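Notes to accompany the following structure.
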Amino acid sequence: MLLQIEKLYFSYPTTPANLFEDFSLQFYDGWTCLAGSNGCGKSTLLKLIAGSLHPDSGRIFTGVNISNTDIVYCPQKTSQIPENIYSVFWSDDNEIRRFFSMLHVSEEMLERYDTLSGGEKKRIQIASALAEKPAILLLDEPTNHLDGVTVEMISRTLSLFTGIGIMVSHDRSFADSLCTHTVYLYNEARSISGGRDCIACQIYPGGLSKALELREQNADSSRAQWNKLNSKASSEKERSRQLALENERSKSRLSKKKIDPADHDAKRKMDVARLGGKDRTTGDAKAHLENQIKRTEDARDSIQQSLKRKEGFSIESSDYCKTLIIEEKDLVVGDSIGEGNTYTLHIPRLEIAPGEKLALTGQNGSGKSLFIKHVISELEKSGRIKEVMYLPQEISREEVKQIFEDFNKLEDDERGEVLSTLYRLGSEPESLQKENLSPGELRKLMISLAVQKPLSLLILDEPTNHMDITSVLALENALASLSCSLLLVSHDKAFLSKVSKRQLHAERKGNLGRII
């Protein structure tokens with residue numbers, strides 16, 4: 001089956017410019033990853049395909065007649081239980097019920113939907129979507145906030161889908177496991193010199209990792225080719241200038257103004273030189289070179305020159321050079337997931353060397369947050385709390401308010417540093433407005449504020465949640481070169497492999513757990 005988007009125009013009523021303009025694209029059977037920066041229209045495109053938004057002009061159609069019920073859209077949010085859940089969960093069709101079995105969805109979970117974790121709700125949402133046997137399945141960030149085990153479970157189940165599947169995802173490992181193609185959306189004006197202020201796309205074979213690799217290679221190649229031709233044009237212009245000067249000198253040498261009127265022999269020799277064409281040699285060469293310059297500049301201007309954005313940041317240097325030592329201990333807390341009255345987490349003796357980067361992994365509920373709180377508590381007891389900065393996964397309204405208060409209290413030069421870091425993390429500083437800051441942008445603002453102070457340890461809990469792939473890449477490049485120590489909690493395998501050098505894992509069996 002073929003899904004065709006043809007000459008699509010779309011704009012939101014609140015914005016004067018078109019988001020999509022003369023936009024065309026095709027999708028085929030199998031999974032396709034839809035990637036790009038925040039604001040580049042990924043979710044909008046899914047909603048246009050689903051029919052919840054309508055194009056200003058152009059059309060979206062398939063090669064066969066399908067109805068709206070043949071298209072299922074799964075948004076990021078899972079607050080509402082799927083409308084079809086009760087009819088499909090108790091279906092007599094084993095092909096339908098197998099999705100609930102594969103995703104470990106039980107009747108008891110349906111009865112307490114409002115109290116389920118985000119991962120449990122997402123499993124129910126996806127099982128219900130697959131049970132509809134749609135021709136087209138649309139997923140918007142299906143792995144946000146999910147642990148590795150749940151992500152693998154969802155990946156195995158989605159691999160059974162045989163229709164046209166389109167997912168928005170920044171999780172490279174997840175997208176790579178399913179997708180045979182990647183469509184990268186981008187704003188031309190921000191990506192290409194002289195580009196239009198609307199969304200364009202590039203299609204790459206393979207998953208997200210391969211697409212990003214090819215995109216970077218193509219960008220580097222285009223910049224190198226453009227610079228090579230631009231340098232060639234400059235050299236040719238300099239040669240043309242030299243020929244112009246030489247031509248003027250030649251004309252001056254062949255002028256009769258300085259010859260004695262009575263010197264007929266000199267005049268005759270000058271006429272012979274002119275008739276022989278010697279006075280036209282440099283002029284002809286210059287004209288030829290001017291044509292060559294135009295050809296070189298035309299070739300240069302035909303290249304889509306990719307714009308390169310500055311990346312990275314640094315934390316202010318400090319005198320905190322001592323190793324951080326966490327002594328062996330058993331932490332006993334009330335069990336919040338119902339497997340016993342208490343949960344005991346064993347923490348071994350740990351040493352975190354200056355500048356060391358650690359990854360902390362494990363299933364949700366295994367004790368990662370408990371371990372982080374213990375580390376912070378130990379630093380506080382030892383009088384080193386000022387050396388640590390912790391950026392949590394969940395941010396309360398009060399904390400959001402405090403973040404903006406801290407930002408507004410900064411001096412102009414300090415605010416400029418924060419905005420510069422924010423830009424290097426893939427954001428546009430002018431979009432920093434309290435009333436419409438997205439969760440991903442808010443997280444980047446928190447990181448930008450955090451790195452303005454001297455630190456010995458930066459703790460980030462799921463920093464890539466809600467971030468687009470552009471920001472994820474910028475963040476991992478920045479963290480990889482960070483000078484202070486780093487404790488990073490994440491389920492993003494590709495992100496962790498790029499940033500961390502050592503891994504800690506929270507493992508749970510019943511009401512006992514340990515950090516290994």
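Only a predicted model underlies this, so the values are computations on that prediction, with no experimental measurement involved.
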Do you know the tightest heavy-atom contact between Pro205 and His181? CA-CD2, 4.3 Å
Let me see the working for Lys401 and Glu398 under salt bridge (charged side-chain N to carboxylate O under 4.0 Å, His left out), right down to the final yes or no. CA-CA 5 Å; Lys401 182 179 179 181; Glu398 291 74 19; over 6 Å; no
Within a strict 4.5 Å, meaning less than it, do heavy atoms of the Lys357 and Leu488 side chains meet? no
When you compare the side chain of Met467 with that of Lys444, does any pair of heavy atoms fall below 4.5 Å? yes
Got a sec, which residues hit ring-ring contact (aromatic ring centres under 6.0 Å, His included) with Tyr73, two or more places apart in sequence or on another chain? none
Straight-line distance of Leu214 CG to Ile203 CD1, nearest 0.5 Å: 13.0 Å
Leu178/Ser159 under side-chain contact (heavy atoms from CB on, under 4.5 Å): CA gap, chis, key distance, verdict: CA-CA 6 Å; Leu178 289 168; Ser159 67; 3.9 Å; yes
Of all heavy-atom pairs linking Ser490 and Thr464, the shortest is OG-OG1, 4.4 Å
With sequence neighbours excluded, residues passing side-chain contact (heavy atoms from CB on, under 4.5 Å) with Ile192: Tyr186, Gln304
Pairwise distance OG1(Thr32) to CG(Leu138) - rounded to 0.5 angstrom: 11.0 Å
Heavy-atom nearest pair, Leu455 first then Lys386, reads CD2-O, 4.3 Å
Could you tell me whether the side chain of Leu110 reaches within less than 4.5 Å of the side chain of Val105, counting heavy atoms only? yes
For Asp176, all residues meeting side-chain contact (heavy atoms from CB on, under 4.5 Å), sequence neighbours excluded: Arg172, Leu208, Ser209
Can Phe27 and Ile49 be said to form a side-chain contact (heavy atoms from CB on, under 4.5 Å), step by step? CA-CA 11 Å; Phe27 294 97; Ile49 294 171; 4.2 Å; yes
Taking side-chain hydrogen bond (donor to acceptor under 3.5 Å, both in side chains) as the definition, give me every residue that meets it alongside Ser231, ordered by chain and number, with sequence neighbours left out. none
Side chain Ser191, main chain Glu188, donor-acceptor under 3.5 Å: no
Quick one: list whatever passes salt bridge (Lys or Arg N to Asp or Glu O under 4.0 Å) with Glu111, sequence neighbours left out. none
Gln76: which residues meet the side-chain contact (heavy atoms from CB on, under 4.5 Å) condition with it, sequence neighbours left out? Asp140, Glu141, Asn144, His466
Within this structure, what is the CG-CD distance for the pair Leu458 and Glu387, rounded to the nearest 0.5 Å? 13.5 Å
From CG (Leu345) to CG (Leu370), nearest 0.5 Å: 5.5 Å
Rounded at 0.5 Å granularity, tell me how far CG in Leu487 sits from CD1 in Ile326. 9.5 Å
More than 12 heavy atoms of other groups within 6.0 Å of Lys498 NZ: yes
Which residues pass the salt bridge (Lys or Arg N to Asp or Glu O under 4.0 Å) test with Lys42, sequence neighbours left out? none
Close side-chain approach of Thr361 to His491, heavy-atom, < 4.5 Å: no
Kindly check if the number of other-residue, nucleotide or ligand heavy atoms within 6.0 Å of CD (Glu328) is above 12? yes
I want to know whether Tyr184 and Tyr204 have ring centres closer than 6.0 Å. no
In chain order, what residues pass the side-chain hydrogen bond (donor to acceptor under 3.5 Å, both in side chains) check against Gln217, with sequence neighbours excluded? Glu213
Looking only at heavy atoms, the pair that brings Asn84 and Ser128 closest together is ND2-O, 3.0 Å
Has Arg502 got more than 12 heavy atoms of other residues, nucleotides or ligands less than 6.0 Å from its CZ? yes
Does a side chain donor of either Gln225 or Lys228 reach within less than 3.5 Å of an acceptor in the other side chain? no
Within the 4.5 Å heavy-atom criterion, are Lys373 and Ser377 side-chain neighbours or not? no
Got more than 12 heavy atoms from elsewhere within 6.0 Å of CD, Glu405? yes
Main chain of Gly510, side chain of Arg508: is a donor-acceptor contact present, judged purely on distance under 3.5 Å? yes
Looking at Leu25 and Cys201, what are the two nearest heavy atoms and their distance? CD1-SG, 3.9 Å
Quick one: does Ser485's side chain have a donor or acceptor within less than 3.5 Å of a partner on Ala353's backbone? yes
Please walk me through it: do Ser471 and Asp468 pass side-chain hydrogen bond (donor to acceptor under 3.5 Å, both in side chains)? CA-CA 5 Å; Ser471 300; Asp468 58 68; 3.2 Å; yes
Please assess Lys210 against Thr182 for the test side-chain contact (heavy atoms from CB on, under 4.5 Å), listing each intermediate value before the final yes or no. CA-CA 9 Å; Lys210 184 63 175 179; Thr182 298; over 6 Å; no
Validation row: Tyr86, Ile81 side chains within 4.5 angstrom (heavy atoms): yes
I'd like to know if the side chain of Arg123 reaches the main chain of Ile154, judged simply by a donor and an acceptor atom lying under 3.5 Å from each other, with no hydrogens or angles considered. no
Is the Phe100 ring parallel, tilted or perpendicular to the Phe89 ring (thresholds 30°, 60°)? perpendicular
Kindly write out the residues that satisfy side-chain hydrogen bond (donor to acceptor under 3.5 Å, both in side chains) with Thr150, not counting sequence neighbours, or none if the list is empty. Asp147
Say you draw a straight line from OG of Ser483 to CG of Leu486; how long is it, rounded to the nearest 0.5 Å? 11.0 Å
Should Glu399 and Met446 be marked as a side-chain contact (heavy atoms from CB on, under 4.5 Å) after you check the CA-CA gap, both sets of side-chain angles, and the distance that decides it? CA-CA 10 Å; Glu399 288 171 325; Met446 292 176 66; over 6 Å; no
Is there a side-chain contact between Arg223 and Asp220 in this structure, where contact means two heavy atoms from C-beta onward sitting under 4.5 Å apart? yes
Quick one: ring-ring contact (aromatic ring centres under 6.0 Å, His included) partners of Tyr113, sequence neighbours excluded? none
Suppose we screen for ring-ring contact (aromatic ring centres under 6.0 Å, His included). Which residues come up paired with Phe23, at least two apart in sequence or across chains? Phe20
Can a donor-acceptor pair be found between the side chains of Glu120 and Ser117 at a distance below 3.5 Å? yes
Using side-chain heavy atoms (C-beta onward) and a distance below 4.5 Å, is Leu45 in contact with Ile199? no
So, using ring-ring contact (aromatic ring centres under 6.0 Å, His included) as the criterion, who are the partners of Phe99 when residues are at least two apart? none
Checking Thr470 against Ser37: is there a side-chain donor and acceptor pair closer than 3.5 Å? yes
At their closest point, which heavy atom of Ser169 faces which heavy atom of Ala35, and how far apart are they? O-CB, 4.5 Å
